[in-house]
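From a predicted model like this one, the values you see are computed outputs, not experimental measurements. Residue numbers start from 1 in every chain, and the chains themselves are labelled A, B, ... in the order their sequence lines are given, proteins ahead of strands.
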Amino acid sequence: MSLHIYNVLAREKQVFTPIVDGQVMMYVCGPTVYDYSHLGHAKTYVSFDIVNKWLRYSGYKVRYVQNITDVGHLLDSGEDRILKRARQSRVEPMELVETYMREYFADMDSLGVMRPDISPRASAHIPEQIEMIQTLIGKGHAYESNGSVYFSVESDPDYGKLSGRRIEENEAGKRIAVREEKRHPMDFALWIRADDKHILQWASPWGRGYPGWHIECSAMSVKYLGQTFDIHGGGIDNIFPHNECEIAQSECAHDTQFSNYWMLTGSLNVDGVKMSKSLGNFVTIKDALKEYRPEALRFFISSGLYRTPADYSASALDAAAKGYERLNTAVRRVRDTLARGEIRGDESTSGRLIDRLDQTRMQFTSAMNDDFNAPIALSVLFDLAKDMNSAIDAGTASRMVLEQAAQVFQELGGDVLGVVRNEAKPTASAGNAEREAALIEMLIEMRIEARKSKDFARSDAIRNRLAKLGVVLEDGVKGTSWRVA
RNA sequence: GGCGACGUAGCCAAGUGGUAAGGCAGAGGUCUGCAAAACCUUUAUGCGUGGGUUCAAAUCUCACCGUCGCCUCCA
């Protein structure tokens, strides 16, 4: 089955056809860096990380652009949110931007999110934005008024096509304070005149000012991806006005389709309402990572569809963490069995397992090709985990089956979904790790001796003290194994 | 008020016409000195409610009830 994508523009799943065969040009709206990122951001960016990785795994050459908004994003008070925070913290605006941009990347790195190919900053693309605004004025889609420039929504018959919002409808229930400089209440700012107190300001043909929030995405996407590109992503909460305005600006400036496919993620809710900065009901990624492994957070995100809203709760995350443990226990057993060479099966006992591995790849592929259905993809991995556990228990898995299973878990569960731990790689401190392993083995031997002489008090003491150090002992039919919790 | 989603087991969550994936929790069992882990069995005659279409509906349609998002800063 070829890749199908739910295109918000058409409100249906469509066959994905890239503009250039074998190549995907993708833009995703990035964060405004004025504070720590929370799990809502994690949901969106992990979701697109999976999209990005699946496209690459499928053989596409991907150029993934995600902007960093560091100017122009206004509060409803009309104040720039970056400037406000900078003033509160008594730092330079760009110092604030730098701090939280680094934090954002650090959080994404922790979550195993592959960095975008280009992370353009709005403040570094002022000339491109001015140029685009000039084009729009030249074509009669924008007008200057009192040092600011507005986009004329009435000049764009397609305005509202993404969100399904009609200009007339909005007029009836409008709650926006009408600026007198606007011709139409729905007109939005492309360029905003700055007063003297405004620190972030640039020279322009209309005097000193700064860009509106929406124009950066239009200007930077055309620069790095072209006038028409394949996929535009973001959170559904930005469908209006932000995404709608991007389309209007770009299509009116270039007279061609902006993005062919629109993918928008569902919001992360807490007790039924959206997790957001303004409501204060958010959990930062940093705090979440103190309690849960990054793979467990990705497991939680992957257990629902990217485009439906998810509900955050401690119990939902706990359940995800346990599911993650079970899946990874199976992966660890496959790896350990291989590493220790405890292979008891051969080709005569593992024929069915070879078929299961092929089946796993096929089912995983068709799930991901069906609009990146990660929950189904995850369930396919669980089915394999169960079969591999059984095979290892029964001693029917051959070396080839174990090796291929390890590879499937690594590629699909690790490289694509990021819910499987990477195999421990040898490091500079590998010598210490070997010594530690030898010491643990020694304690296990001492415990076995104690158990043989029915000295369970002593055997339990060894197990308990190791457990306190984070080393879990498990007695199986083939002896005692250990793992780091 | 307008626009858009959604309502599936105790919880999370897939499934969009052919007879309900997966995870968590629960119950019983195997294994164990006891645990842990794993495995086996089991847990929705039913998918918000009521009509309709169909041989067949969680899936299509209509109405109603409920929840949420957006319309104002948010991924």
Task: CA sep, side-chain torsions, deciding dist, call: Arg451(A), Arg458(A), side-chain contact (heavy atoms from CB on, under 4.5 Å) - done: CA-CA 8 Å; Arg451(A) 291 177 72 205; Arg458(A) 184 170 188 78; over 6 Å; no
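In this structure, the nucleotide among A36(B), A14(B), A75(B) sitting nearest to the side chain of Ile376(A) is A14(B). The nucleotide whose nearest atom lies closest to any side-chain atom of Val472(A) is, among A75(B), A35(B), A36(B), A36(B). Closest to the side chain of Tyr45(A), out of C68(B), A75(B), G23(B), is A75(B). Listed nucleotides: G33(B), A75(B), G23(B). Nearest to the side chain of Thr44(A): A75(B). Comparing C39(B), G22(B), A75(B) by their nearest atom to the side chain of Ser379(A) picks out G22(B). Ranking A13(B), A35(B), G4(B) by closeness to the Arg11(A) side chain, first place goes to G4(B). Each of C39(B), A14(B), G69(B) was ranked by its minimum atom distance to the side chain of Pro375(A); first place goes to A14(B).
Note that Lys277(A) lies in the cation-pi zone of Tyr34(A), set by a 6.0 Å cut-off to the ring centre and a 45° limit from the axis. Within the cation-pi definition used here (under 6.0 Å to the ring centroid, within 45° of the axis), Arg183(A) does not qualify as a partner of Tyr150(A). Geometric assessment of Arg307(A) against the ring of Tyr6(A) yields a positive cation-pi assignment under the 6.0 Å and 45° thresholds.
Tyr36(A) has its ring centre less than 6.0 Å from the ring centre of Tyr100(A). For Tyr27(A) and Tyr224(A), the ring centers sit 6.0 Å or farther from each other.
Taking 3.5 Å as the limit, the base of C34(B) and the side chain of Asp475(A) contain a donor-acceptor pair of atoms between them.
Within 4.0 Å of Gly40(A), counting heavy atoms only, lies at least one base atom of the nucleic acid. Note on Asp383(A): only backbone sugar-phosphate atoms sit closer than 4.0 angstrom, heavy atoms only; bases stay farther off. Counting any heavy atom pair closer than 4.0 Å across all strands shown, Ser313(A) reaches no nucleic acid atom. Counting non-hydrogen atoms under 4.0 angstrom, Leu268(A) reaches a base of the nucleic acid. Using a 4.0 Å heavy-atom criterion, one finds that Arg447(A) contacts the bases of the nucleic acid, with or without backbone contacts as well.
Distances shown here put every side-chain N or O of Asn243(A) at or beyond 4.0 Å from the OP1 or OP2 atom of A75(B). A sub-4.0 Å separation between OP1 or OP2 of U32(B) and a side-chain N or O of Arg463(A) is absent.
Atoms NE2 (His214(A)) and P (U72(B)) sit 10 Å apart, rounded to a whole Å.
By the stacking rule of 5.5 Å between ring centres and under 30° between planes, Phe456(A) stacks on the base of G33(B).
Helical stems in RNA chain B, defined as runs of 3 or more consecutive Watson-Crick or G-U wobble pairs with both donor-acceptor distances under 3.5 Å, are listed by first residue as B:1-7 with B:65-71, B:10-12 with B:22-24, B:26-30 with B:38-42, B:48-52 with B:60-64.
Between Asn243(A) and Glu246(A) the shortest side-chain heavy-atom distance falls below 4.5 Å.
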